[in-house]
Amino acid sequence: MQSSLPRARRLVGGFWELTHQTLMMVGLFVVAGGAYLYFQPKAMSTLDRGLTQWVMARKTATDELQALAQKPADVLLPVAQAAPLPSSALPALTLQQRTVSNWLARRYSIAPNAMAQLVSAAWTVGRQEKLDPLLILAVMAVESSFNPYAASSVGATGLMQVMAGVHRDKFAPFGGPQASIDPLANMRVGALVLRDAISRGGSVRVGLRYYVGATTDANEGGYADKVLAEQEQLERVAGLPPKAAAPMTASAGHVVSPQALSAVAKSTVATEPSTALQKHASLT
């Protein structure tokens, strides 16, 4: 008992000394802050103005909440119903588009409403860019499995895995590179990049190689085969006859017929850009 008393006294003394030093440091900070505000009247006025604005904002928010709580429920109901979720309204799809949408939704475990929006957008973008919409969907399937937030180790993002930094100018109308995770913006830019790659390559196969950033068929890792196989599968799902797909289409509503293939081939000139140009311009 006697041996524990000195230990208790030391603990109490240490606690008192620590408290005393802490209070002394707080006092020094208060004195230093007061001296600074005294010799810097502008800082004092800025602080006073900021506190006043904060108090007024808090008061306004409190008043609005109180007024909202006093309104009857039947008055608030139309406000809640005024802006329904966009996904609640399905786009008007044709039977062929609906068949493709349902099949993709089941295969990739995507919500049917969301997939219907993507399929509808693929047909719209394909019509604008003169691309087969099934090719656009095939690229999205291979690149991201329809995950709009997918990202690669080299910085490609979104449904079509577009390099937002490389194609910064193309994302500018949509708000900048940060829009690359927006499904529609990513699809539009990706389709534009794909169209340019096919135009430079002279065929869908070479264009896909440019799209993925490969310089030769040997180092593209079978990417073109994967996309073309996915496109063929979608054609079967859509009920199209075999070998009916063309590299590019005149309309996004259907695939070009076999008779039009010769005209497309004659009007397309295959160009082989230099290796350095391929590396820079074909990155997606």
Side-chain angles (χ1 to χ4, degrees), residues 100 104 107-108 119 122-123 125-146 150 152 154 156 158-163 166-167 170 186-238 240-284:
V100 172
L104 287 172
R107 181 177 183 182
Y108 291 96
V119 169
W123 251 262
V125 173
R127 181 171 58 252
Q128 294 172 345
E129 303 299 338
K130 303 297 188 295
L131 284 175
D132 181 0
L134 297 181
L135 177 61
I136 297 175
L137 291 170
V139 170
M140 288 191 287
V142 173
E143 288 284 2
S144 66
S145 298
F146 297 98
S152 71
V154 296
L159 290 172
M160 298 186 71
Q161 290 293 278
V162 183
M163 297 287 287
V166 175
H167 301 289
K170 296 181 179 65
N186 190 280
M187 188 187 304
R188 289 183 180 276
V189 174
L192 180 61
V193 175
L194 179 60
R195 184 202 65 185
D196 293 344
I198 293 175
S199 298
R200 290 189 294 110
S203 69
V204 172
R205 179 174 292 277
V206 179
L208 288 172
R209 187 226 298 172
Y210 290 172
Y211 184 85
V212 79
T215 55
T216 65
D217 290 333
N219 62 11
E220 56 101 356
Y223 174 80
D225 289 334
K226 295 177 184 177
V227 174
L228 294 177
E230 184 75 17
Q231 184 185 14
E232 292 176 2
Q233 179 66 47
L234 291 176
E235 290 170 356
R236 289 192 292 270
V237 171
L240 297 175
K243 299 182 180 179
M248 303 183 75
T249 67
S251 171
H254 63 278
V255 182
V256 170
S257 62
Q259 290 78 8
L261 289 177
S262 58
V264 174
K266 290 179 181 178
S267 63
T268 305
V269 178
T271 58
E272 292 292 340
S274 64
T275 302
L277 180 60
Q278 292 175 20
K279 291 181 178 179
H280 174 72
S282 65
L283 287 177
T284 63

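All heavy atoms count here, side chains included; hydrogens, waters and symmetry mates do not.
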Could you tell me which non-hydrogen atom of Gly190 sits nearest to which non-hydrogen atom of Val162, and how far apart they are? CA-CG2, 3.7 Å
Using a distance-only test with no angle check, is there a side-chain donor-acceptor pair under 3.5 angstrom linking Gln161 and Tyr211? no
Any side-chain heavy atom of Val212 sitting closer than 4.5 Å to one from Val227? no
List in chain and number order the residues that pass side-chain contact (heavy atoms from CB on, under 4.5 Å) with Ser145, two or more places apart in sequence or in another chain; answer none if no residue qualifies. Tyr108
I want to check something: taking the side chain as every heavy atom from C-beta on, are Met140 and Met187 in contact at a cut-off of under 4.5 Å? yes
Could you report the tightest heavy-atom contact between Ser144 and Gly158, atom names first, then the distance? CB-O, 3.6 Å
Return the set of residues passing salt bridge (charged side-chain N to carboxylate O under 4.0 Å, His left out) with Glu230 (not counting sequence neighbours), or none when no residue passes. Arg107
Contact check, side chains of Ile198 and Arg195, non-hydrogen atoms, under 4.5 Å: no
So do the side chains of Leu137 and Trp123 get within less than 4.5 Å of each other, counting heavy atoms only? yes
Report the distance from atom CG of Leu192 to atom NE2 of His167, rounding to the nearest 0.5 Å. 8.5 Å
Please report the interatomic distance CD1(Ile136) to CD(Gln231), rounded to the nearest 0.5 Å. 10.0 Å
Separation of Lys170 NZ from Arg188 CZ (nearest 0.5 Å): 15.5 Å
Looking at every non-hydrogen atom in both residues, tell me the closest pair between Asn186 and Met160 and how far apart they are. OD1-N, 2.8 Å
Side chains of Leu208 and Val139, heavy atoms from C-beta outward: is any pair under 4.5 Å? yes
Does Asp132 reach the side chain of Val204, with side-chain heavy atoms less than 4.5 Å apart? no
Here the gap from Arg236 atom CZ to Leu134 atom CG, rounded to the nearest 0.5 Å, amounts to 12.0 Å
Applying side-chain contact (heavy atoms from CB on, under 4.5 Å) to Lys226 and not counting sequence neighbours gives Val142
